[in-house]
J.: 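Input: one structure, supplied below.
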2 protein chains.
Amino acid sequence: MSVKYTSSTENYLKAIFHLQKSDGIVTTNDVANELQTRPASVTDMLKKLKAQKLLIYEKYKGFKLSNEGRKVALQIIRKHRLWEYFLVEKLSFGWDEVHEIAEELEHISSKKLIDRLDEYLGFPKSDPHGDPIPDSNGKFTLPKQVDLLNLPLNKVAEVSSIGDQSPEMLELLGDKGIALGTKLEVKKKFAFDNSLELKIKNQSMVTVSEHVAKNVFVKYDE
Amino acid sequence: MSVKYTSSTENYLKAIFHLQKSDGIVTTNDVANELQTRPASVTDMLKKLKAQKLLIYEKYKGFKLSNEGRKVALQIIRKHRLWEYFLVEKLSFGWDEVHEIAEELEHISSKKLIDRLDEYLGFPKSDPHGDPIPDSNGKFTLPKQVDLLNLPLNKVAEVSSIGDQSPEMLELLGDKGIALGTKLEVKKKFAFDNSLELKIKNQSMVTVSEHVAKNVFVKYDE
DNA sequence: ATTTAATTTTAGATTTGTCTAAAATTAATT
DNA sequence: AATTAATTTTAGACAAATCTAAAATTAAAT
């Protein structure tokens with residue numbers, strides 16, 4: 001039986017989870033900053049979270065989520081990202097205007113609702129910003145990372161890093177309309193010289209050489 | 001610019017609106033009963049609602065929603081019913097299990113969200129229980145009320161009242177599976193004797209005479 | 001028209017989440 | 001190592017929404 005938490009509790013768990021991801025270590029000040037609140041308020045909440053066994057905490061010594069706390073945080077994140085996906089894919093919102101609304105929707109409690117929504121959306125693996133969506137058990141598959149040569153045909157992917165960052169390469173990529181975050185797919189591979197034809201989102205087709213392809217890394221689902 | 005209200009405030013406005021519909025006059029006790037709270041708490045909230053000009057109130061003398069209060073209540077009801085429609089039509093929930101979830105969803109504040117949802121659902125006129133959905137200006141079209149003879153073919157309608165309530169009529173209707181709230185549609189009209197063939201929801205076809213048809217009133221949208 | 005009953009309101013307390021200001025602890029600097 | 005600075009925690013207060021118990025008002029009944 002899933003316990004019900006207040007929105008405030010859920011927000012703290014989510015914030016701590018996110019801060020843990022980047023630094024590993026989280027401080028009272030970090031959380032206060034993240035949640036636009038005061039350190040004293042954070043301390044108050046830390047005590048409550050500890051009492052609910054959602055957090056391991058010794059005063060002045062730092063804190064981290066318990067297994068249970070992490071589990072709850074992942075469910076909030078799951079809800080947030082599924083709602084974002086819904087807003088963009090079904091209600092035609094821009095990916096940049098959904099965060100605020102999802103901040104509210106993520107606190108709707110029904111588990112059945114979120115599992116039905118997941119199904120309705122076709123079990124998407126990542127949200128409109130490319131962040132992975134945990135499944136109903138809290139597991140998520142990190143997007144696969146490959147260079148363009150190894151990207152399957154017709155698979156939409158997002159540019160995640162550039163190997164050779166020389167000015168010449170960056171000029172070429174700039175010219176072709178390829179940057180970090182650009183969404184694209186490989187439409188054709190020429191066996192003769194391993195050059196590729198790419199469809200770049202919101203643009204026309206471009207061709208890149210094997211050399212370029214080897215240095216453009218992308219991530220995609222599956 | 002739309003002001004933001006607390007969930008509690010919204011629940012009170014909604015409750016008072018609904019109680020006003022039936023009785024016309026609403027008492028402190030009614031509201032306490034409806035919201036599963038105490039009369040003293042209701043009085044407290046009445047004062048807050050008055051301060052926000054959502055309510056006309058003089059102590060011991062009774063109260064009613066102001067125009068503004070009614071407007072806000074209608075927007076909550078709009079949200080509640082649109083979400084119910086969404087849950088049933090898109091996420092395949094049963095009409096009997098959506099109320100609780102909609103009680104939470106109705107407090108999501110974004111107006112843009114609800115207008116987009118409305119559009120996505122095709123601007124439905126009534127929710128899964130047959131209650132009308134106010135439009136974004138708070139107007140709603142009451143379902144049309146006619147006897148079975150005047151119900152257009154293949155139009156799903158809901159039995160809303162019975163003219164002749166004699167035991168004989170009620171026995172006949174009971175036997176055919178027709179009761180208040182039953183959803184049905186007219187599949188065929190026989191000009192010869194004005195008898196009708198009806199498809200009753202979740203049941204097989206039945207035939208009723210003109211005499212019966214004249215005494216069964218239904219409501220439907222459009 | 002009193003008395004009794006029901007309803008409504010006030011007064012004061014409680015809970016949750018927040019705050020400020022001051023105290024306690026830990027970290028940084030000379 | 002001692003002092004200063006930064007961080008974290010405590011203590012006490014506050015706003016929102018609720019509660020109980022008692023007082024005020026209105027309605028019902030003799």
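Note: hydrogens, waters and symmetry copies are ignored here, and every other heavy atom, side chains too, is used. Chain identifiers are assigned alphabetically (A, B, ...) following the order of the sequence lines, protein sequences preceding nucleic acid strands; residue numbering begins at 1 within each chain.
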J.: How long is the line joining NZ of K48(B) and P of dA15(D), in whole Å?
T.: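 These atoms are roughly 12 Å apart.
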J.: Can you pull out the residues from residues 30-46 of chain B that lie within a 4.0 Å heavy-atom distance of DNA chain C?
T.: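 When residues 30-46 of chain B is checked for heavy atoms under 4.0 Å from DNA chain C, the hits, listed by number, are P39(B), A40(B), T43(B).
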J.: Are any non-hydrogen side-chain atoms of V98(A) and Y85(A) less than 4.5 angstrom apart?
T.: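 No. Closest side-chain heavy atoms not under 4.5 Å.
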J.: Among residues at least two apart in sequence or on other chains, which ones pass side-chain contact (heavy atoms from CB on, under 4.5 Å) with I56(B)?
T.: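 Counting only residues at least two positions away or on another chain, I56(B) forms a side-chain contact (heavy atoms from CB on, under 4.5 Å) with K64(B), S66(B).
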J.: Under 4.0 angstrom, heavy atoms only, what part of the nucleic acid is F63(A) near: base, sugar-phosphate, or nothing?
T.: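 Nothing, no nucleic acid heavy atom in range.
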J.: Rounded to the nearest Å, what distance is computed from the CG atom of residue L49(B) to the C1' atom of nucleotide dA16(D)?
T.: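 Roughly 13 Å, once rounded to whole Å.
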J.: Over how many whole Å does the gap from N29(B) atom CG to dA27(D) atom C1' extend?
T.: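 Those two atoms, CG and C1', are 13 Å apart.
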J.: Scan residues 7-18 of chain B against DNA chain C and write down, sorted by residue number, each residue with any heavy atom closer than 4.0 Å; if none is found, say none.
T.: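 None, since no heavy atom is under 4.0 Å.
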J.: Kindly write out the residues that satisfy side chain to side chain donor-acceptor pair (under 3.5 Å) with Q145(B), not counting sequence neighbours, or none if the list is empty.
T.: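 Checked Q145(B) against side chain to side chain donor-acceptor pair (under 3.5 Å); matches are S160(B).
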J.: Any salt bridge between E103(B) and K14(B), counting N to O under 4.0 Å?
T.: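 Yes, E103(B) and K14(B) are salt-bridged.
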J.: With a 4.5 Å limit on heavy-atom distance, are the side chains of V212(B) and L172(B) in contact?
T.: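 The answer is yes, as the side chains (C-beta and beyond) meet within the 4.5 Å cut-off.
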J.: Counting only side-chain nitrogens and oxygens, does Y5(B) get under 4.0 Å of the OP1 or OP2 atom of dA16(D)?
T.: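 Answer is no, no contact under 4.0 Å.
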J.: For R70(A), what residues pass the side chain to side chain donor-acceptor pair (under 3.5 Å) criterion, not counting sequence neighbours?
T.: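 Side chain to side chain donor-acceptor pair (under 3.5 Å) check on R70(A) returns N67(A).
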J.: Which whole-number value in Å describes the distance from E58(A) CD to dT8(D) P?
T.: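 It works out to 15 Å between those atoms.
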J.: Under the side chain to side chain donor-acceptor pair (under 3.5 Å) rule, collect the residues that match up with Y120(A), sequence neighbours excluded.
T.: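 Y120(A) satisfies side chain to side chain donor-acceptor pair (under 3.5 Å) with Y120(B) only.
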J.: So, using salt bridge (charged side-chain N to carboxylate O under 4.0 Å, His left out) as the criterion, who are the partners of K112(A) when residues are at least two apart?
T.: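 If we apply the salt bridge (charged side-chain N to carboxylate O under 4.0 Å, His left out) test to K112(A), skipping adjacent residues, the hits are E97(B).
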J.: Starting at the 5' end of nucleotides 23-29 of chain C, put B wherever the base has a protein heavy atom under 4.0 Å, S where only the sugar-phosphate does, and a dash everywhere else.
T.: -BSS---
J.: Listed by chain and number, what are the salt bridge (charged side-chain N to carboxylate O under 4.0 Å, His left out) partners of E104(A), not counting sequence neighbours?
T.: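 Expected list: none.
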J.: Which angle, to the nearest 10 degrees, lies between the helix axes at the two ends of the helix from dA1(C)-dT30(D) to dT30(C)-dA1(D), each defined by five pairs?
T.: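 Nearest ten degrees gives 0° for this helix.
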J.: For dA17(D) and T6(B) - does any side-chain N or O of the residue sit under 4.0 Å from the phosphate oxygens OP1/OP2?
T.: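 So the side-chain polar atoms of T6(B) do come within 4.0 Å of the phosphate oxygens OP1 or OP2 of dA17(D), strictly under.
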J.: For H107(A) and dT16(C), give me the distance from atom NE2 to atom P, rounded to whole Å.
T.: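 Checked: the NE2 to P distance equals 18 Å.
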J.: With D115(B), which residues qualify under salt bridge (charged side-chain N to carboxylate O under 4.0 Å, His left out), at least two apart?
T.: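 Checked D115(B) against salt bridge (charged side-chain N to carboxylate O under 4.0 Å, His left out); matches are R78(B), K111(B).
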J.: Does a side-chain heavy-atom distance below 4.5 Å link W83(B) with I108(A)?
T.: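 Side-chain contact under 4.5 Å: no.
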J.: Side chain to side chain donor-acceptor pair (under 3.5 Å) with E10(A): which residues, sequence neighbours excluded?
T.: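 Counting only residues at least two positions away or on another chain, E10(A) forms a side chain to side chain donor-acceptor pair (under 3.5 Å) with H107(A).
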J.: In terms of side-chain heavy atoms, does H18(A) have a donor or acceptor partner in E34(A) at a distance below 3.5 Å?
T.: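 The criterion, which ignores hydrogens and geometry beyond distance, is not satisfied for E34(A) and H18(A).
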